[in-house]
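Written out below as structure tokens is the structure these notes cover.
Given the structure is predicted, the values throughout are model-derived calculations rather than measurements. Residue numbering restarts at 1 for every chain, and letters A, B, ... go by the order of the sequence lines.
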Amino acid sequence: MTAGKKVKVRFAPSPTGDLHVGNIRTALFDWAFARHTGGTFLFRIEDTDTTRVTPEYIQAAIDTLKWLGLNWDEGPEVGGPNGPYLQSQRLDIYATWAQKFLDQGDAYHCYCSPEELEAVREAQRAANVAPGYNGHCRDLTADQIAAYKAQGREAVVRMRMPDGTTTFTDAIRGEVTFDHKFVPDFVLVRADGSPLYTLAVAVDDILMEVTHVLRGEDLLSSTPRQIRVYQAMGVKPEDYPTFAHLPFVMGQDNAKLSKRNGEVSIAWYREQGYLPEAICNYLALLGWSPGDDRENVTMQELTELFTVEKVHSSPARFDMKKLEAINGDKIRALTLDDFLTWTLPFLTKAGIITGTDAEVALVKKALPIIQERIVKLDETPALLKFLFVKEFAVDADAVSKITDDASKDILKRSLKELEALTTWDHASIEATLRAALIEDMGLKPRIAFTALRIATTGSTISPPLFESMELLGQSACISRISAALSL
RNA sequence: GGCCCCGUCGUCUAGCGGCCUAGGACUCUGGCUUCUCAAGCCAGCUACGAGGGUUCGAAUCCCUUCGGGGCUACCA
């Protein structure tokens with residue numbers, strides 16, 4: 001199938017909500033496959049279900065893909081030779097093909113009402129036979145049709161599924177066969193004239209010259225229906241796209257990932273401070289591996305290493321802990337400038353800074369000491385807050401730890417030493433404090449520095465103490481310690 | 001129920017008949033380091049769903065079984 005042709009892969013979500021982890025994993029594989037093969041990545045919006053798809057969700061899907069860096073060659077905003085790329089703008093195309101199928105006898109009008117169809121299914125379930133359309137309207141006579149029309153019945157367009165089987169080779173699962181006995185005649189066009197997924201997806205994949213369909217395994221059993229449409233379109237088997245059905249991403253409870261068993265919206269991950277590259281790296285490892293022990297890969301490396309042959313056929317469980325670990329790795333690998341760029345929005349959103357040049361400069365100086373201690377960007381405000389607060393106050397739960405006499409002694413001595421210090425850098429601060437508190441007073445470092453940490457940063461947890469004090473500045477340190485003494 | 005897909009440590013995976021007393025990563029536990037928190041380093045725990053074959057030899061091939069999942073819409 002499609003051998004020799006230039007690869008074209010499509011990602012075609014139906015935006016009935018925010019794109020979720022599963023969608024993104026599919027998009028990522030589509031993208032990686034296209035880039036690996038030097039092919040085209042096509043992005044199409046399947047918005048034929050107008051009751052569930054909204055313009056907001058469509059825009060959100062576009063933004064999400066952009067944010068992740070999954071750039072497309074054909075699709076919304078960038079256009080392309082086979083547009084439009086929103087199915088809602090291609091209705092006339094589907095109508096034309098549906099009519100052709102009707103004319104050819106591949107499809108027929110079905111006048112059964114939803115209620116009648118449901119009754120049939122109910123009976124089938126009761127009789128323990130496979131539920132599905134019973135072919136009631138397959139061979140209606142002209143009189144029967146006239147009678148239905150006279151009753152004012154609306155018709156759907158239904159595809160005739162001939163006896164036999166459909167066999168295709170899935171690039172991930174191998175040869176798969178479906179007996180048409182279990183693939184009932186299916187609806188192509190609703191009674192209101194709007195197309196269904198089964199029609200639109202098949203028509204578009206052919207018209208847009210898609211060579212590879214990598215999609216979720218939930219669509220595996222709909223493949224024979226797509227192939228049936230190709231046949232009716234007159235497409236030769238060697239021109240069918242190659243199918244590859246990706247395994248699911250499951251939640252912790254082994255059910256398809258959903259809001260109930262894990263956070264699924266990419267928007268949520270973005271707000272939490274996950275890096276797009278971390279999300280992509282982690283998702284790439286769900287159902288795929290480079291084949292060796294490599295795990296940390298850049299987007300560039302992913303496109304070099306990705307092949308469908310290495311994709312699994314078994315589902316994978318989503319593990320937030322592993323994502324966090326990878327995110328931490330990616331954060332630590334960031335250059336200072338990139339780290340700054342990623343961090344600033346979190347600090348401004350938290351109200352820690354407003355964005356002045358002085359603030360940004362201080363943040364930049366402080367970032368190196370927190371880079372290896374955060375896993376997500378949203379941890380940054382809490383760690384750097386002490387540098388920017390206008391009204392400094394010691395955390396309520398830490399106050400009691402520095403009001404005892406021993407702590408007061410530590411703070412008093414520290415104050416004296418720091419006031420006398422003429423060179424204000426972390427090495428000098430540390431040398432002075434160690435000499436006075438550890439060597440002279442004989443205190444344990446842990447005890448001595450905890451008291452100072454609370455007094456200067458307001459918390460029992462902070463970036464390294466001496467670096468923090470350097471950044472804070474001599475006068476601020478002195479005034480905070482003085483204030484702590486009168487608590 | 002029927003059809004289809006899937007089954008290696010808790011999780012993601014390596015493995016494609018001998019290199020496997022099953023390797024790596026995350027998690028977890030213990031230790032080292034240490035000014036807190038991290039990071040880093042070291043160690044440990046834990047897996048081929050089960051049962052039959054085939055073979056000198058099976059995690060790897062075949063069959064059965066059990067288990068999980070998907071589909072079964074005028075959703076996608």
Item to complete: State which residue, out of A:L199, A:V229, A:L196, fulfils the side chain to side chain contact (heavy atoms under 4.5 Å, CB included) condition with A:F186.
Response: A:V229
Any side-chain donor paired with an acceptor under 3.5 Å for [X] and [Y]?
X      : Y      : value
A:H245 : A:R215 : yes
A:D338 : A:T335 : yes
A:S88  : A:D47  : yes
A:D163 : A:H180 : no
A:T457 : A:R453 : no

State which of [options] makes the closest approach to the side chain of [X].
X      : options             : value
A:K321 : B:C74, B:U36, B:C26 : B:C26
A:L465 : B:G24, B:C74, B:C35 : B:C35
A:M250 : B:C3, B:G69, B:A76  : B:G69
A:S222 : B:C74, B:A76, B:C12 : B:A76
A:R332 : B:C75, B:A39, B:C35 : B:A39
A:I461 : B:U36, B:A25, B:A14 : B:U36
A:S221 : B:C71, B:C75, B:C37 : B:C71

Whole angstroms only, please: what is the [atom1]-[atom2] distance between [X] and [N]?
X      : N     : atom1 : atom2 : answer
A:E379 : B:U36 : CD    : P     : 19 Å
A:L117 : B:U72 : CG    : P     : 15 Å
A:H180 : B:C4  : NE2   : C1'   : 15 Å
A:R225 : B:C74 : CZ    : C1'   : 13 Å
A:I326 : B:U13 : CD1   : C1'   : 12 Å
A:N281 : B:A25 : CG    : C1'   : 11 Å
A:D329 : B:A25 : CG    : P     : 12 Å
A:D179 : B:C4  : CG    : C1'   : 12 Å

Discussion item. Can you tell me whether the side chain of A:R446 and the base of B:C35 have a donor-acceptor pair closer than 3.5 Å?
Written reply: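 For A:R446, whose side chain was compared with the base of B:C35, there is no donor-acceptor pair (under 3.5 Å).
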Worksheet item: Per the atom types in the model, does the base of B:G40 pair as donor or acceptor with the side chain of A:E372 at under 3.5 Å?
Response: no
Worksheet entry | Residue whose closest nucleotide on RNA chain B lies nearer the 5' end, A:I374 versus A:L286 |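 Mapping each residue to its closest nucleotide by heavy atoms, the 5'-most match is A:L286.
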Worksheet item: Toward the 5' end of RNA chain B, which comes first, A:R453 or A:R121, by nearest nucleotide?
Response: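 The residue mapped nearer the 5' terminus is A:R453.
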Distances under 3.5 Å between nitrogen or oxygen atoms of protein and nucleotides 46-51 of chain B:
none

Worksheet item: Could A:D440 and A:R413 be called an ion pair, given the rule that one side-chain N must be under 4.0 Å from one carboxylate O?
Response: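 Counted as a salt bridge, because a side-chain N and a carboxylate O are separated by less than 4.0 Å.
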Item to complete: Salt-bridge test for A:K181 and A:D179: reply yes if a basic N is under 4.0 Å from a carboxylate O, no otherwise.
Response: yes
Item to complete: Give the minimum heavy-atom separation between A:E470 and A:I429, together with the two atoms involved.
Response: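 Closest approach of A:E470 to A:I429, heavy atoms only: N-CD1, 3.9 Å.
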Practice prompt. Check for a donor-acceptor pair, side chain of A:K408 on one end and backbone N or O of A:L485 on the other, with a separation under 3.5 Å.
Written response: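 Looks like yes, one N/O pair under 3.5 Å.
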Is there any protein nitrogen or oxygen under 3.5 Å from a nitrogen or oxygen in nucleotides 5-11 of chain B, and what are the pairs?
| residue | atom | partner | partner atom | Å |
| --- | --- | --- | --- | --- |
| B:C5 | O2' | A:R173 | NH1 | 2.3 |

Discussion item. Quick one, A:H212 and A:D205 - any side-chain contact, counting heavy atoms below 4.5 Å?
Written reply: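 With C-beta onward as the side chain, the pair stays apart.
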Partner nucleotide of [N] by Watson-Crick or wobble geometry (both distances under 3.5 Å):
N     : answer
B:C71 : B:G2
B:G51 : B:C63
B:A25 : B:U11
B:U36 : none

[atom1] atoms of [N] and [M], separation to the nearest Å:
N     : M     : atom1 : value
B:U21 : B:C63 : P     : 27 Å
B:G15 : B:G24 : C1'   : 12 Å
B:C26 : B:U33 : P     : 22 Å

